Amino acid sequence: MLKRISFMLFIAAGLQLLSGCSGCNQNQGSDDLKMPDSLANDAPLQLSEELIGDVVQNISSPVEMAALIKSTGVEFSQRILNNPDRVTDYNTSFKRALNLGVYSADLGYINMFDKSSIVINYLLAVKNMADGIKVGQFFDFTALKRLAQNSSNLDSLMEISVSSMNKMDSYLREQKRSNVSSLIVAGAWIEGLYIASNVVEQTHNRELTDRILEQKDIVDILLIILNNFSSDEKFANLAEKMSALKDAYLNVKITTEVGEPKSMEKDGMLIIVQDEISHIEASPETLQSIINEIKEIRKTIVE
Amino acid sequence: MKRIIFSFLLIFAISGFTSVNAQCGEELLKQALKEMGDGQYIKDFKVDLKKENKDASVGYVRFSIILNSRSHYMFNVVNGSSNTENVILQLKDGDKLLATNFSKGKLYDKCQVIIGKTKVYNLEFSFKGGVEGCASAVLSLVKQYTAEEMAAQ
């Protein structure tokens, strides 16, 4: 009888171990992943972690901005990007999270232009920042480096690095560290807009200009999130700068034209065309004022 | 003898347990990425719907996403191999259905949409009849249009 009970206990323990392992890739030792400094947030939040996570997930991917920049035909410029040598200057979790976003947007831009010669420096910067906030486990640097060494692999590299960022974001939300993911998203969003602003100043490209102006609603979303953590002085300062950007967007007018819903067939596949089209209006002065605020926030983040 | 049968059943149960996980895990995403085509990978969505009790309907899982104006997106889905029904994807603007992979009684593994307005959209996944199932979906960017190209659509 005793043997049988022992056997059952052994089996139960085995099953427990198995079920515990089913999420091993997502939940490794939460205790050693606590934030080392001010990003361990204990202050009560006005918005729930779940709601913030949902909203953060909404901010669109820097890859789309990079694709739009490439479509303008403008030449690649490394000068616009944040210098990867600056990683040693970022010695707080707050700065590391923001600049993880910045470097990931830079990486998207570099990949889009197939610049394999500098991609490893930026991968290292991303890895360095991610390790600094205890989420480096989502980046298989050896595999990424191997892909980066061959320019024909840049599509796979892009796929893996974007996927790693997505996994990291999910993990942070599961761990209720939405303050960290909101900084990463804010950093990536600002860097995407910063690169786009520089290109717009050179090219006056309409599509890119409209994409910058369309971000009017996104500023509101980000501001709500940052204000949620404003019991931390660093968050409050960033929110203040974001608030100035929101003010710069006030004179942007977005109207919606509603037409007939359309569908078409291409290569045997049904494509739906949305029946709403937005139109954006803003004066050159408004655009310049927005660009100036974007540059100001970006300067605060990277310096 | 009983013990041998018991051990055998147990091993069978454990192997079943682990293979179900494999069917719904990272492999599904890899497959979805492989079937994505030439678009630019943007985001992936993991769907794993389970019944809370035997008689309950599973319902749906919802994600909210920002899609940008003048952008042509594709959603492709891959179903878990043990699913009894295939996943239904619905892209909604508020409550209004914008695009789906379920049309005229037929389920497709891809659906494409051209967006005219940058805003937050809802993406819902469910299984016909509210059954359990898992799936992986990938959102990719097919093309970005100019204002003129968009007007001509």
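For the numbers below, each heavy atom of this structure counts, side chains included, while hydrogens, waters and symmetry mates do not. By convention in this document, chain letters (A, B, ...) are assigned in the order of the sequence lines, proteins followed by strands, and residues within each chain are numbered from 1. Just so you know, these numbers come straight off a predicted model, no measurement behind them.
Proximity to chain A is absent for every atom of Lys30(B), based on heavy atoms less than 4.5 angstrom apart. For chain B, no part of Asn205(A) is nearby; none of its heavy atoms comes within less than 4.5 Å. With a threshold of 4.5 angstrom between heavy atoms, Glu149(B) does not approach chain A through any atom at all. Looking at Ile42(B), the atoms closer than 4.5 Å to chain A (heavy atoms on both sides) sit in the backbone and in the side chain alike.
A 4.5 Å side-chain heavy-atom check between Ile114(B) and Ile271(A) finds at least one atom pair inside the cut-off. Taking the side chain as every heavy atom from C-beta outward, Gln40(B) and Glu64(A) never approach each other to under 4.5 Å.
Atom CG of Asn68(B) sits about 8.0 Å away from atom CE of Met65(A), to the nearest 0.5 Å. Asp275(A) contributes atom CG, which lies 12.0 Å from atom NZ of Lys117(B) (distance to the nearest 0.5 angstrom). Atom OG of Ser69(B) sits about 5.5 Å away from atom CZ of Arg211(A), to the nearest 0.5 Å. Rounded to the nearest 0.5 Å, atoms CG (Leu98(B)) and CD (Glu276(A)) are 8.5 Å apart. Atom CD1 of Ile218(A) is separated from atom OG1 of Thr118(B) by 7.5 Å, given to the nearest 0.5 angstrom.
Put simply, of Met112(A), His279(A), Glu214(A), the one with the most heavy-atom pairs under 4.5 Å next to chain B is Glu214(A). Taking Asp217(A), Asp210(A), Ile254(A) one by one and counting their heavy-atom pairs under 4.5 Å with chain B, the maximum is reached by Asp210(A). Put simply, of Val113(B), Asp93(B), Leu29(B), the one with the most heavy-atom pairs under 4.5 Å next to chain A is Val113(B). Ranked by heavy-atom pairs shorter than 4.5 Å toward chain A, the options His72(B), Gln112(B), Arg70(B), Met74(B) are led by Gln112(B).
Residues Ala67(A) and Leu141(B) come closest through the heavy atom pair CB-CD2, 4.1 Å. Considering every non-hydrogen atom in both Gln144(B) and Leu68(A), the closest pair reads OE1-N, 3.1 Å. The two residues Tyr145(B) and Glu207(A) have their closest heavy-atom pair at O-CG, 3.9 Å. Among all heavy-atom pairs drawn from Ile272(A) and Ala99(B), the shortest one is CG1-CB, 4.1 Å.
Enclosure of atom NZ in Lys246(A) is not indicated, since only 12 or fewer non-hydrogen atoms of other residues, nucleotides or ligands lie within 6.0 angstrom. In this structure, Lys46(B) places its NZ atom where only 12 or fewer heavy-atom neighbours from other residues, nucleotides or ligands lie under 6.0 Å away.
In this structure, Arg206(A) pairs ionically with Glu148(B), as a charged nitrogen and a carboxylate oxygen lie closer than 4.0 Å.
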